[in-house]
Structures are given as structure tokens and as C-alpha cells.
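Chain identifiers are assigned alphabetically (A, B, ...) following the order of the sequence lines, protein sequences preceding nucleic acid strands; residue numbering begins at 1 within each chain.
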Amino acid sequence: MRSNDTAAEALQELADLIAISGGDPYRVRSYEKAARAVAGWPADLDSLDRNGLIAIPAVGAHTADKLLELRKTGHIAALEELHAQVPAGLRALLGIPGLGPKRAHQVYVELGISSMPQLLAALHDEQLRHLKGWGQISERNLARAIRQMQEVGGRMPLAVALDIAEDLVAQLAALPQVTRIDYAGSLRRMRDTIGDIDLLAAADEDPGSVMEHFCTMPLVDRVLAHGPTKSSVVTTKGVQVDLRVVPAAVWGAALQYFTGSKAHNIRIRELAVHAGLKLSEYGLFRVDDGQLLASADEADIYARLGLPWIPPTLREDRGEVEAALDDQLPDLVEVTDIAGDLHMHTDLTDGLAGLDDMVAAAARHGYRYCAITDHAPMMAMQRMTRDKALHQRSKLPELTRRHGITVLHGSELNIGADGSLDWDDQFLASFDVLVASVHSDFDQSREEMTKRLLAAIEHPYVNIIGHPTTRLLGRRPPIDFDVDAVFKAAARTHTALEINAFPDRLDINDDLVRRARDHGVVFAIDTDSHAVGHLDYIRYGVAVAQRGWVAADEVINTWPLKRLRRFLAKRRHCPPTH
DNA sequence: GCCGTTTTCGGCCCGACTGTTTTCAGTCG
């Protein structure tokens, strides 16, 4: 784990434990803010001295000293003291929806509960209902929340949430009262995983009936909250969906608010306060006379605060507000900028569609070029041979003519455990584009894995490192390697890093993209398509790139073919050095 | 604990919903 993540986790734990101990809520917020700031800070924390740490927004002298202590000794004394006071299991209870620090503290002090099993036992014995502020209903809700947490657990991939949300949006849009509807929250920010789905609707007449309709839709399993303007339900598949209904006149303010992130909104509202204004989901108001300044249009809210409209994919309080104030927001890459897909498989290896179908699909996407990159022989189950590859290559000129799209011949090479690649250098030199990826031996040491990736990056003919961390959302953790060493080498050797758009990969992720950018790395946003329909996944890859602040010019597959070919030539004109 | 062309002290985003309350605390996003 990167030192920034370790530090952020320690600060977050500090915040949680102070909160449970009944400490000053503002101190809690300070540590939470510092945790977020540290996690999102581009430079490695270990490379910063005390002044460098204090230069991080939301990190002051106290936190800086704690971070230095953590680096030097491996722990923070203040945190150790809290550990002595707060039982280890108590913090985990904060993960239960509806159970916050106050009540966690209460059940610990009054009933001695400090773990999930103890809490379940107390629920079973109906002890909680007798506590001050509790009743039978709170007890039942808590039991339900625990059950739901255990059933549903984590987050779902972006693509799954987007499917559900688009379906619900279409259904609710059909109601005559609903004049506008869209999804908001982390879905609109296009995070790679989604916890729950936030929907926003505008209805001036009879908003209550919209709520009624929403709460009684067939896919609703149970209703968690049902108010006149805000409701939460859990679908039969265990996905929580929140719907908020507002008057059309406040659409922009409400959309801004419900898109978040929470951290971004706090920053924006602080700006408003400093300007003598107040921002809520109902609009931007002047404090002294309550005059409404903006509400219908999201861009107007930002404009009234002296900011350009900030794209939702940037709204994480990771420097976008400062950049907006300085008019330095990046000109983000868009789906329409993508000129071709450079990672596509066919049924020659493990794809489902034939070569002709895949090329035709790429042409239908309006691409000017695409690359066919079937697997190579080291992936033995793919049964690839040199002859098969050459035969495939021989068919490409005809396809280019027929579909009006330049078809590049490539291959997805396997990076062996020792960093070796498929085929000999002479044959490799004959491809237009080479993607190299790790497909096995994920558990190597950090040193071995770094060496392995560097070997592929340093190879004179490798153009793109495919799905660099090999993570699979919810199934396989990322491999461990020296990120900065690898990114630095990629930038130096003009080797692109892939932003793999396949929904359960999204690899590299937004944080790593941003860090790679700082090293001057360029990217290839590719779908790794194994079927015709997979080409549509490009939107998810573009979202990751946007969340990593990437501009179109930093993505090689937005470039005109001539420029792309110059990049792909890499060092093919030089004799291999090994 | 952090931060400052309002401030080195005194603020710190804002509102909805729930369940428990006779006016509000806790939690969430």
C-alpha cells in the first residue's frame, strides 16, 4: 500500500475514534478532511518534509507532526491512546447504516457492547429498546440494517448501476408530472463502483404521487424512507435507490447538490459563505436579504460563485475548485474524441465475434482506425501460432477497403513471470501495435513485479501496457509494484498505459491515472472487446480518464492516424538491444 | 484541528427524514 493510503487510513481511524469517544465534532471533521487530502495528494508522502506536509490543504502543524511520527515510528501515539480507550470492535459498528458515533458510544457505555456479535445478542435480547432515545422501531431498523449490510455488502460496478439507473429513469420519465429526471450522486460522477443509486426528478404538480409511484414500483423490495420529497427503497436485487423530487425552478441547485461529492459540496458552500451567500439544494441566496441569485441551471450556480462549470467527473475536492478559481480546469477527453480502439479480440483466440464483425462494429462506431490484438502463444489455451497471426494479417487490407477504416495489426502479448514476451524480436517488429499485459503470477514480490513490468516497458516494440494492475473489481486485488518507477519508465520510453474500459477492470483507476499524468505518461483508452457489444464500454474508460484529469491530447487513440503511427513506430527502426 | 482582504480567535455546509420526542437529537448524503 502506498504511504499516502496508509496515512489516510490512520487519520480516518483517528477521526472515527475521536467521534466515538464523544470528542469535538470539528476535530473529527478536520482529521477526515486531512485523510481525504492526503489520499488524493499527487506526491508520495514519504518524499515530503514537515513544510511539504503542511502545504497540503487541510493538513496543519498537528497533523503534519503525526504523519512524521507515523513515518518514523510506524504508529501515532494519540491513536494508540485511543485504542486503549476504545475497544477494537466498536469502530466496525460505524459501518452499519443508521448507527453513528453517538449511538455506538451509547451502546458501549451503557451496555458494554463493542462488537457485532455482542450487538446481535443485545438485539436478540431486546435490550436496546430501553436505552434513552431508542424504541422498538429503532431496534428493528438496526437489525434490518445489519441484515442488509451482510446481504448486500459492498459496492457494484459502475456499469451495473448505470443499467439499473437508466431503466428507472426511463420508467419515471414516463410519468406526466415528471418534467425532468436524471441520475446524480457517484453515478453522475462516474466512480468505478457505486454504493447506491441517486435519482433526481423535477415535478411542479403533485410530487407526492411521484413518490408514491416510485415506492410501489414492482422492483421495489422494501421502503426504507418515504417522505413527500425524498424516499429510499431497496430493489429486489438488494440495490438501494434514493429519489428526490424538487420543483423545476430549482433543478440546477438540486442537481449540483445531489451530484456531490460531499467533499466537493462542502468546498463550494464554503466559497458561498465567504462571499456572503448561502447554497442549498434550493438555490444560491444572498444572506443579508435572502435574495435568490441562481437555482434553475447548474452552470449559473457555479458562475455566480465566480467559477466555470465543473464537470461532475472532477467533483471530488481533489484540487478542482482551486483549478476552477485559477481558470486551469483541464479540457477533458470526451467519448467523441476517441478515433479508434487499440485493443480488440476476435474468435481467432478468445473473442466471440469474427474478424469481419469486429472491424465492421468499429467502423459503425465512427472510428477512423482500430487494432486487432489477439492473444499470443504464451497463453497456451489460446492456441495462437505465427501462421495464424500472419493469415489474419493478410486479410486486413481488404477489410480496410470494405469498411473504410484503417485496421492495424497487433497482438496482446503476455508478460511472463520473468518479464519475457511472446515471439522473437524480428517477428514482433512486424506488428503495427503491441499491447503487453500480465495474465498470471499475480503474487510476485513488489521487486519482482516491478522488474517484470519494467522489462516489458523497456522493450523497444511494446507500445501499450494492457490493464496494468490486473485488478478485477470485487474479485482480484491489484498487483503490487513500484508505481512511480513504472510510470517514470513508461513516460521516458513513450510506452502508453492502458485505461482498460472493460467494466470489471477499469484499470488503471482514476487515482493512478492522475499520478501517471504527473510523470508525463500518455494513455490508450481501450475496451479489450471480446464481442461486438463490448465496444460500447468505451464510455467507462473515458470516465476513468476524465476522473484522472486527462485531456484528449494525452490519449494516443484520439490522435490522427499519422501521429499515432509515428508513436507506434517507437524504436522499431533501431535494432533490438537485447 | 484548520484557517484567515472580515479574523491568530472564533468560526467551521445545509437540509430531509426518522423516531423519539412535546421541541429535538442522531444520522445521512
Is the shortest side-chain N/O distance from [X] to OP1 or OP2 of [N] below 4.0 Å?
X: A:Arg269; N: B:dC13; answer: no
X: A:Asn265; N: B:dG29; answer: no
X: A:Thr229; N: B:dC17; answer: yes
X: A:Lys230; N: B:dT18; answer: no
X: A:His226; N: B:dC17; answer: no
X: A:Tyr26; N: B:dG10; answer: no
X: A:Ser261; N: B:dG29; answer: no

For [X], answer base if it contacts any base atom (sugar-phosphate contacts may also be present), sugar-phosphate if it contacts only those atoms, and nothing otherwise; contact means non-hydrogen atoms under 4.0 Å.
X: A:Pro25; value: nothing
X: A:Ile266; value: base
X: A:Lys262; value: base

Problem set entry | Cation-pi, A:Trp134 ring and A:Arg129 (6.0 angstrom, 45 degrees) | no
Exercise. Between A:Arg155 and A:Thr193, is there a donor-acceptor pair closer than 3.5 Å when you use the side chain of the first and the backbone of the second?
Worked result: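 Yes, the answer is positive, given that a donor and an acceptor are paired below the 3.5 Å cut-off.
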For this session: Using the P atom as the reference point in each nucleotide, state the distance between B:dG15 and B:dT22 in Å, no decimals.
Result: 25 Å
Exercise. Is the A:His519 ring parallel, tilted or perpendicular to the A:Phe487 ring (thresholds 30°, 60°)?
Worked result: perpendicular
For this session: Classify the side-chain pair A:Gln85/A:Ser21 by whether it contains a donor and acceptor separated by less than 3.5 Å.
Result: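 No, A:Ser21 and A:Gln85 have no side-chain donor paired with an acceptor closer than 3.5 Å.
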